[in-house]
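Basis for what follows: all heavy atoms, side chains included, without hydrogens, waters or symmetry-related copies. Numbering of residues begins at 1 and proceeds along the displayed sequence.
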Amino acid sequence: MPTGHTTTAQPQKVVNPKSSPKRPREQRSDDGPTILPGMEHFVDLLRKVKRPALVVRLLERANDESLPELQALADAAKGKLPVESRQAFFHCVAKLDAVIRQRLEDVAERVILLGDDYGAQAVQSVLDERREDDAAVLGMPSDRFSRALHLCILQEFPGAGVHREDRFDQAEHVQVMHRQWKSDQYSSHFLGPKGVVPMMGDDVQETLRTRIADLFPRVPKDQILIEQFTRHDLSHAQHDDDEDADADDHALLHTLTATFNGSTAHYQQVANGHVVDHEEPAAMSARFSWEPATGALTVFCQDREARRELATIFRDVVLAHDGEIDDMPIRQFDLLGFSSSEMLKRLERDRIAGIESISILQIKVAKPFEQQSEIGGRAVVRQLASKMEITRDRRDGRTIYQVAYEDYSAEDLSQFALVQVKLVMRMAKQLHRKAHNVAVQITAPNGLNDKSKTEDDRKRVLEQLIRVGVLSEF
């Protein structure tokens with residue numbers, strides 16, 4: 001009989017094949033760049049859209065031919081097209097005439113350019129949920145590129161007997177306005193008479209051309225192109241069968257653009273062995289954005305000095321409201337209320353609907369003083385100001401006024417001149433947009449720079465500033 005210790009057999013570990021490490025999924029790409037080497041934007045668009053049936057519609061109308069095979073692939077996708085389906089689309093497009101392919105590429109590029117945040121919100125602003133076709137493209141699955149492509153097809157490839165729409169052009173205008181609105185390099189803002197509906201008959205356009213030609217003497221008035229767009233309240237959108245309704249009653253925004261050769265383009269060419277300088281007339285534009293409900297007029301023009309006179313021209317001619325420009329002042333902000341911690345209570349108590357919270361991130365103050373110095377042998381008195389920035393880290397639980405007292409020994413800010421305030425407004429969740437922050441920078445006396453990407457956000461910012469007494473209505 002064997003002696004010594006005995007060993008107990010250990011149960012063998014069973015490996016579950018489902019729990020074994022998985023091999024990384026192979027990343028597959030399509031051959032779009034190889035099949036369509038000259039159609040970068042179309043390839044990109046086809047990869048992004050979640051409603052590929054719109055691409056089928058685009059191809060059918062561009063080539064005037066039914067494509068049932070591609071329609072079947074689009075219907076089966078239930079979202080973005082898989083690689084194999086995209087390949088079929090690419091090969092189909094590759095067989096089209098070169099002129100058609102170029103037009104498709106141009107259209108795709110315009111749609112892609114509307115894909116940034118400013119463009120996406122511009123497209124959203126001109127879509128109407130009451131319309132069956134708009135409601136369909138807003139439904140899930142939905143994406144910003146599909147929505148823009150929907151508008152582009154309605155404009156550039158309308159069906160037989162269907163009226164051509166211009167909402168895609170309008171969205172492009174709104175996108176540029178959203179991007180430039182907050183920069184004084186591009187625009188200036190004025191307040192005018194509320195509730196006035198602009199007039200745009202032939203006689204008004206002729207007078208407008210004459211006044212602009214007077215402001216820019218080298219511009220012939222018959223070479224001034226004028227275009228107008230009107231965006232309506234989507235909840236009261238006018239339809240073809242609503243003949244009795246007044247379309248101007250629910251107009252939210254009027255946009256008018258005057259384009260003319262008002263600047264000069266300089267370039268060089270080599271001719272006969274010499275560098276030759278050339279100067280040619282170049283197009284520039286004066287664009288007006290008018291909100292009847294608020295009386296807000298924004299003038300976009302690269303000539304900053306001409307904006308105030310352009311605002312006067314718009315009001316006198318288009319609004320038919322004669323008067324001096326002093327009656328249409330630039331917005332001015334009163335920052336005195338931020339000198340006291342009482343402003344925190346106001347920001348909490350007087351919040352408007354749609355804004356969940358408001359926090360103060362920074363207050364910049366100045367101490368004005370005079371200083372005498374000698375320049376060129378004569379005494380000169382200069383008006384100077386020393387400045388201090390009181391900044392609260394976004395993760396700091398203290399208020400900006402606690403930071404001012406504890407870190408800067410500034411218990412009372414009223415002894416300073418308030419120069420600039422930076423706020424963060426938390427916008428509540430909206431239809432088709434989640435809750436989000438909007439940064440707002442107010443600089444005395446009339447500087448406003450905010451990160452609003454929609455007109456709705458911008459209007460809420462202005463309404464909130466009015467509610468807390470920072471911005472005054474005239």
Strictly distance-based, threshold 3.5 Å: is any side-chain N or O of [X] a donor or acceptor partner for the main-chain N or O of [Y]?
| X | Y | answer |
| --- | --- | --- |
| Asp128 | Arg130 | yes |
| Glu356 | Arg426 | no |
| Arg287 | Phe300 | no |
| Arg167 | Val126 | yes |
| Ser142 | Val137 | yes |

What donor-acceptor contacts under 3.5 angstrom involve side-chain atoms of residues 46-57, with partners at least two apart or in another chain?
unit_1	atom_1	unit_2	atom_2	d
Arg47	NE	Asp30	OD1	3.4
Arg47	NE	Asp30	OD2	3.1
Arg47	NH2	Asp30	OD1	2.7
Arg51	NE	Pro141	O	3.0
Arg51	NH2	Ala136	O	2.7
Arg51	NH2	Gly139	O	3.0

Tell me whether Asp64 at atom CG has more than 12 heavy atoms from other residues, nucleotides or ligands lying less than 6.0 Å away. no
Other residues, nucleotides and ligands only: do more than 12 of their heavy atoms fall within 6.0 Å of CZ on Arg349?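 Yes.
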Side-chain donor-acceptor contacts of residues 202-210 below 3.5 Å, not counting sequence neighbours, with atom names and distances?
unit_1	atom_1	unit_2	atom_2	d
Gln205	OE1	Arg209	NH2	3.4
Glu206	OE2	Lys221	NZ	3.1
Thr207	OG1	Asp203	O	3.0
Arg209	NE	Ile224	O	2.9
Thr210	OG1	Glu206	O	3.0
Thr210	OG1	Lys221	NZ	3.4

Atom pair [atom1] ([X]) and [atom2] ([Y]), whose distance is rounded to the nearest 0.5 Å:
| X | Y | atom1 | atom2 | answer |
| --- | --- | --- | --- | --- |
| Arg147 | Cys152 | CZ | SG | 15.5 Å |
| Leu423 | Gln464 | CG | CD | 9.5 Å |
| Asp350 | Ile466 | CG | CD1 | 13.0 Å |
| Leu344 | Gln402 | CG | CD | 9.0 Å |
| Glu227 | Asp166 | CD | CG | 9.5 Å |

Partners passing side chain to side chain donor-acceptor pair (under 3.5 Å) against Arg101 (at least two apart in sequence or in another chain):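 So Arg101 forms no side chain to side chain donor-acceptor pair (under 3.5 Å) with any residue.
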Checking Gln87 now: which residues fulfil side chain to side chain donor-acceptor pair (under 3.5 Å) with it, not counting sequence neighbours? Asp31
State which residues pass side chain to side chain contact (heavy atoms under 4.5 Å, CB included) with Val403; sequence neighbours excluded, sorted by chain then number. Ile390, Arg392, Asp396, Arg398, Asp407, Tyr408
Residues passing the side chain to side chain contact (heavy atoms under 4.5 Å, CB included) test with Glu40, sequence neighbours excluded, are Glu105
Using a strict 4.0 Å threshold on nitrogen-to-oxygen distance, state whether Arg211 and Asp316 make a salt bridge.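 Salt bridge present between Arg211 and Asp316.
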N-O pairing of Lys345 and Glu348 below 4.0 Å: no
Passes side chain to side chain contact (heavy atoms under 4.5 Å, CB included), Leu347 versus Ile360? Steps please. CA-CA 10 Å; Leu347 294 178; Ile360 306 174; 3.8 Å; yes
Do the side-chain N and O atoms of His436 and Asp457 include a donor-acceptor pair separated by under 3.5 angstrom?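 Yes, side-chain donor-acceptor contact under 3.5 Å.
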Aromatic ring pairing Trp290/Phe314, orientation class (parallel under 30°, perpendicular over 60°, tilted between): tilted
Determine, stepwise, if the pair Arg61 / Glu156 fulfils salt bridge (Lys or Arg N to Asp or Glu O under 4.0 Å). CA-CA 10 Å; Arg61 293 187 179 178; Glu156 302 299 328; over 6 Å; no
Full working for salt bridge (Lys or Arg N to Asp or Glu O under 4.0 Å) between Glu463 and Arg458: CA-CA 9 Å; Glu463 185 181 349; Arg458 178 168 56 84; over 6 Å; no
Is there a side-chain contact between Phe90 and Val43, using heavy atoms and a 4.5 Å cut-off? yes
